[in-house]
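Quick notes on the structure that follows.
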Amino acid sequence: MPSATEETVQPITKEQKQTALLERIQEMQTARTNYGIEDQWSYAETVMIPHEFIDTGLRGWQSKNSKAIAFTKVHTALALIIDQNPEAQIFARKKEWEPKVNLIKGVFNYSWEHGDGRMELKKFTFDTLKYGFAVGRTYHKRDVREVDELLVYDAETNEHQYEKRTITDFDDVYWENMDIWNCWFDEQADAKKNMRDWCWRKVYDWESFKLKFTKDKFDITDEVTPGGNTSNRVAKNPNTKENIHPQTKQMIEVYFYENKEMDRFQVLANGILILDIPLPYKHKQLSCFFAACWQRATDTIYGVGIPELTRSNTNLLNKINNMTIDQVTLSIYKMLLYGGTEEFNEEDLDLEPGKAKKVFDVNNFKWLDTPGAGAEVYKLQDMIMNDIDEETGITRSLGGREIGRTATEISINREAGLRRMKTPLDSIEDAMEEEGYLRLALIQQVYSQPERVEKVVEESVIQKFIGLVMQRTQRFVPQYRNIRLPLQKGQNGEIQPSETDNFFEITEDDLRGEYDIKIRPMSTLPVSEELTRQRKLQLYNIIAQAPYTDVYKAQREITKAFDEDPEDWLMNEEEIMMQQEQAKLQQQMMAEQAMMQETPEGGAPKVIPQEEVEPSQAQMMNGSML
């Protein structure tokens, strides 16, 4: 008999886990709704597409134009950031892993390009600038499907023979940009380090769901049926038009949940728990990462985006622009006043271009003169636009408008705007570093597994007492991934960069080790080309006459700064050496001729010092001989 203090721990049933998971997801959804961030996201989606200025007090004839400020600013910033492809730098944490760094970096870059990392980065950056917050997820994506492969085809009889085969469309580490509306996070977290759990939601076609979630991998029972909230997003009013999924087939709602503290990965299909396992990653971290454009507060992960930041000034600018257009319209298409009754209602007192109003006596008729928009209005509009530029840091010079009198002034104005964008740039680079650690850990986990196992038959001859006996043995050899990389193996086995691509079989031993990942500082920050040229020219003028300056290299750098090929303008090293030899021979011939002319009969020849007749290399490169 167990004592009173001893209690038997009852195992948690599937129904209890399912209920607890549903309650936890509801808690995270309610917490985000109460925070109010979804209203700002809805506004960002409204102003990022062409739309009319909304004001309930406007008449039908009044202007309702809306300037696409948010659209322009977001896409200008997106173009600036994506224009320079960020590069990840990998460093070994121990000296013994240093020889593998080049191979690790090659595999890392291959995985990035194979999974369209640049495209996902573009989406991630767009969401960061638009919503002020973006979410990504890095995981092992494996897409396979069964097909009937054609073996024999007879054109005359139209007979076909097929064989079942499995096609692998994708099998690698993948960065997926997530829809922020369908992701929910730990409401107590203010950074990725202290985030306990998160979940995300997807809606599948029923036939696609049955292919992806098979019974051999998931607990699919008769309870799992199509249904759930199959709208695009979970909103306050799911019946609104924009949230209805354009579906013609049966759909099913699926939730995915990760908990770092409890080490659980769970999947709900239409409210039914179909998977409950530990986190399927060796790194045992949450598979998500995120970035904030500008920090909203220190106690939240959500940031402030460009549409929200410019909301007040944009509405004010649209209102002034429309009022200016209305005033110009009235000044051109005037109202007419003519004699008649003086009884006015509220509608009669409203201004309207081209409308005639009857009054008691205004000398029979009179045109209502409306003054045009003065210069102060346009100064006010320009002042508001300057405020928007100051708020976002995305100045009009970054969008292509030349602000300044000289090239240097224009370049300085552009770089001043780029410096104000450093906060969102740093946030994106930090998210990329977090993604890099997840990617590298998954590469070590996924690439170390053999793609297939081949059976090899070996034959050996055994000498016995009676004749020769042939013996056959079988063994299974794992076949690892074979990828093409711009690397080569040295004589001592070290991996070095190469101008040509070579195939490498990536084994578990090649990936073993611990490494640090850093995004190259400011690699995403565009540099002013004109300012770079001027700086290099100034530097060249300073150091060209220095005794230890390699003028040949300096001139090649100046040529590159002007986007020209140095080979089109400068001689190569072989041509310079040939010219030096020709100059040397010419000088020797001139010296010999001078010696013959100055040598007296029976006397000794006059010796000319070598340094007086042979120019130095620096003199030749800096003079007319080059």
Side-chain angles (χ1 to χ4, degrees), residues 40 43-44 46-59 61-81 83 129-130 132 293-294 304-334 351 353 369-425 525-526 528-531:
Q40 300 296 340
Y43 170 78
T46 301
V47 298
M48 279 298 295
I49 58 177
H51 64 286
E52 288 186 345
F53 179 68
I54 300 175
D55 192 333
T56 55
L58 294 179
R59 301 293 180 180
W61 65 271
Q62 290 183 281
S63 175
K64 301 180 181 63
N65 294 331
S66 181
K67 298 179 71 66
I69 293 177
F71 179 88
T72 304
K73 296 292 185 183
V74 168
H75 282 275
T76 300
L78 178 64
L80 293 171
I81 295 175
D83 185 56
L129 299 169
K130 175 181 176 181
C293 189
W294 286 284
V304 178
I306 291 177
E308 180 184 356
L309 186 64
T310 61
R311 184 171 184 171
S312 297
N313 277 325
T314 299
N315 291 335
L316 178 59
L317 183 61
N318 286 332
K319 189 171 185 178
I320 293 177
N321 287 342
N322 289 320
M323 291 173 64
T324 303
I325 295 174
D326 294 343
Q327 187 170 1
V328 173
T329 302
L330 286 171
S331 65
I332 298 174
Y333 196 29
K334 300 179 180 181
L351 295 177
D369 290 330
T370 303
E376 294 79 7
V377 176
Y378 300 102
K379 291 181 180 179
L380 180 60
Q381 293 176 355
D382 191 61
M383 183 187 69
I384 297 174
M385 276 303 304
N386 290 333
D387 291 341
I388 294 175
D389 292 345
E390 289 292 334
E391 290 171 347
T392 60
I394 308 170
T395 60
R396 280 166 284 182
S397 62
L398 294 178
R401 182 177 176 182
E402 304 297 346
I403 300 179
R405 297 181 179 179
T406 63
T408 303
E409 188 177 352
I410 293 172
S411 300
I412 292 175
N413 290 334
R414 288 182 178 179
E415 294 203 2
L418 292 173
R419 282 194 294 270
R420 291 196 292 270
M421 287 181 58
K422 191 172 186 306
T423 299
L425 288 172
L525 184 62
S528 171
E529 296 181 358
E530 185 63 30
L531 191 59

### Message
Test side-chain contact (heavy atoms from CB on, under 4.5 Å) on Asp389 and Met385; report intermediate values, then the result.
### Response
CA-CA 6 Å; Asp389 292 345; Met385 276 303 304; 4.3 Å; yes

How far does [atom1] of [X] sit from [atom2] of [Y], to the nearest 0.5 angstrom?
| X | Y | atom1 | atom2 | result |
| --- | --- | --- | --- | --- |
| Asn321 | Gln381 | CG | CD | 4.0 Å |
| Ile69 | Asn313 | CD1 | CG | 8.5 Å |
| Glu376 | Met383 | CD | CE | 12.5 Å |
| Ile388 | Ile306 | CD1 | CD1 | 11.5 Å |
| Asn315 | Ile320 | CG | CD1 | 11.5 Å |
| Glu391 | Ser312 | CD | OG | 8.0 Å |

Please name the pair of heavy atoms, one in [X] and one in [Y], separated by the smallest distance, quoted to 0.1 Å.
| X | Y | answer |
| --- | --- | --- |
| Lys130 | Ala44 | O-CB, 3.6 Å |
| Leu309 | Trp294 | CD2-CZ3, 3.9 Å |
| Leu129 | Val74 | CD1-O, 3.6 Å |

### Step-by-step side-chain contact (heavy atoms from CB on, under 4.5 Å) determination, Thr310 to Lys73
CA-CA 10 Å; Thr310 61; Lys73 296 292 185 183; 5.6 Å; no

#### Entry: Heavy-atom donor-acceptor pair, Asn65 side chain to Asn322 backbone, under 3.5 Å
no

### Task
Without swapping roles, check the side chain of Asp382 against the backbone of Tyr378 for a donor-acceptor pair under 3.5 Å.
no

### Query
Is the CE atom of Met323 crowded by more than 12 outside heavy atoms at less than 6.0 Å?
no

### Flag if over 12 foreign heavy atoms under 6.0 Å of CZ, Phe71
no

